[in-house]
Amino acid sequence: ADRPLMGYDGAESCPLIPDEVTCFFTEGERVYALVAGRRWQVRCRLYELEALLPSSFVRIHKSCLANLRQVCRFSAAYSGTLQVHFRDGHVDYVYRRQVRVVKERLGMK
C-alpha cells in the first residue's frame, strides 16, 4: 500500500509530504530530505525515490533530486552548469549533463 515516506532526525520522525520537500540528497552513505531548511534522514536510496516521487522531482546531479516546484530561479554558472535557487534559500547546481533534462522537464528548450 501507499505508506507515507518517513523522515528521521534522532528520536524524531515525521511523514514527508513530497511537495514540501526542497530536495533529497546524499551525504556519505545516507540520504536526506531538506524540508524548510531542516534535514531529515530517509531510509531509501535516491534511485528508489526517483521511482516513487512525482515528475516534479528531477535529478540535478549524481547526489541530488530537486523538487522543481520549490525552485524560485536558475542562474547560469561556471562551464555550462546552472545554479538553482530554492524558495527556502538553499542553493545547488544542475550539472552540465543534467541541464537538458531539467530544461525539458520545465518546458524550456
Side-chain angles (χ1 to χ4, degrees):
D2 276 336
R3 309 196 306 273
L5 183 61
M6 296 298 291
Y8 301 90
D9 185 7
E12 287 184 80
S13 62
C14 88
L16 299 172
I17 297 155
D19 270 356
E20 294 176 1
V21 175
T22 298
C23 61
F24 290 94
F25 64 95
T26 58
E27 206 169 82
E29 294 293 303
R30 300 190 170 180
V31 177
Y32 296 93
L34 187 63
V35 182
R38 185 166 178 188
R39 293 159 41 130
W40 293 92
Q41 188 178 345
V42 180
R43 294 184 178 151
C44 49
R45 299 269 162 239
L46 280 184
Y47 71 87
E48 295 170 317
L49 289 168
E50 249 177 325
L52 286 171
L53 293 165
S55 62
S56 54
F57 283 85
V58 65
R59 195 176 285 251
I60 60 171
H61 57 76
K62 189 174 63 122
S63 54
C64 183
L65 266 177
N67 183 355
L68 296 176
R69 293 186 178 146
Q70 291 289 335
V71 171
C72 61
R73 66 190 165 90
F74 291 98
S75 52
Y78 56 90
S79 64
T81 60
L82 284 176
Q83 196 174 42
V84 188
H85 300 264
F86 294 94
R87 292 184 192 153
D88 66 0
H90 181 67
V91 176
D92 208 331
Y93 291 88
V94 180
Y95 285 17
R96 203 169 42 226
R97 68 171 62 120
Q98 294 301 115
V99 168
R100 186 178 53 79
V101 176
V102 171
K103 284 183 171 179
E104 282 172 4
R105 196 68 66 83
L106 290 166
M108 299 159 61
K109 290 294 174 230

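For this chain, numbers begin at 1 and follow the sequence in order.
No donor-acceptor pair under 3.5 Å is formed between the side chain of E20 and the backbone N or O of I17. Within the 3.5 Å criterion, the main-chain N or O of F57 finds a donor-acceptor partner in the side chain of R105. Listed for the N67 side chain is a donor-acceptor partner under 3.5 Å among the backbone atoms of V21.
Taking hydrophobic clusters as Ile, Leu, Val, Met, Phe, Trp and Tyr residues chained together by side-chain heavy-atom distances below 4.5 Å, L53 does not share a cluster with V71.
The salt bridge (charged side-chain N to carboxylate O under 4.0 Å, His left out) test applied to R38 returns D9, E12, not counting sequence neighbours. Every residue was checked against the salt bridge (charged side-chain N to carboxylate O under 4.0 Å, His left out) condition with R30, not counting sequence neighbours, and none meets it. Here E50 pairs with R59 under the salt bridge (charged side-chain N to carboxylate O under 4.0 Å, His left out) rule; sequence neighbours left out. Not a single ring-ring contact (aromatic ring centres under 6.0 Å, His included) links H85 to another residue, sequence neighbours left out. In this view, R100 and E104 satisfy the salt bridge (charged side-chain N to carboxylate O under 4.0 Å, His left out) rule, not counting sequence neighbours.
The two residues C23 and A66 have their closest heavy-atom pair at CB-CA, 3.9 Å. Heavy atoms only, all atoms of each residue included: A77 and Y93 are closest at CB-CE2, 3.7 Å.
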Exercise for review: Might you work through the side-chain contact (heavy atoms from CB on, under 4.5 Å) test for V91 and V84, ending with a clear yes or no?
Suggested key: CA-CA 6 Å; V91 176; V84 188; over 6 Å; no
Check your understanding: Stepwise, does the side-chain hydrogen bond (donor to acceptor under 3.5 Å, both in side chains) test hold for Y8 with Q41?
Key -> CA-CA 5 Å; Y8 301 90; Q41 188 178 345; over 6 Å; no
Check your understanding: For V94 and F74, what are the C-alpha separation, side-chain angles and deciding distance, and is it a side-chain contact (heavy atoms from CB on, under 4.5 Å)?
Key -> CA-CA 9 Å; V94 180; F74 291 98; 4.1 Å; yes
Exercise for review: Show the numbers, then the answer: is there a side-chain contact (heavy atoms from CB on, under 4.5 Å) between V99 and T81?
Suggested key: CA-CA 7 Å; V99 168; T81 60; 5.6 Å; no
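Atom CG of D19 sits about 7.5 Å away from atom CD of Q70, to the nearest 0.5 Å. Residue F86 holds its CZ atom at 8.5 Å from CG of L34, rounded to the nearest 0.5 Å. Atoms CG and CD1, from L65 and I60 in turn, are 9.0 Å apart once rounded to the nearest 0.5 Å. Summarising the geometry, atom NE2 belonging to H61 is positioned 10.0 Å from atom CZ belonging to F25; distances are rounded to the nearest 0.5 Å. Atom OG of residue S63 and atom OH of residue Y95 lie 6.0 Å apart, to the nearest 0.5 angstrom. Distance check, rounded to the nearest 0.5 Å: OG of S55 to CG of L68 gives 8.5 Å.
Using a 4.5 Å cut-off on side-chain heavy atoms (C-beta onward), C14 and M6 make no contact. Contact of the V42 side chain with the Y32 side chain is not registered, since no non-hydrogen atoms from C-beta on lie closer than 4.5 Å. Using a 4.5 Å cut-off on side-chain heavy atoms (C-beta onward), L46 and V31 make contact. For the pair P18/L5, no side-chain contact is recorded, criterion being any heavy-atom separation below 4.5 Å from C-beta on.
Cluster partners of Y47 are absent, since no Ile, Leu, Val, Met, Phe, Trp or Tyr has side-chain heavy atoms less than 4.5 Å from it.
Heavy atoms of other residues, nucleotides or ligands lying less than 6.0 angstrom from CZ of R97 number 12 at most.
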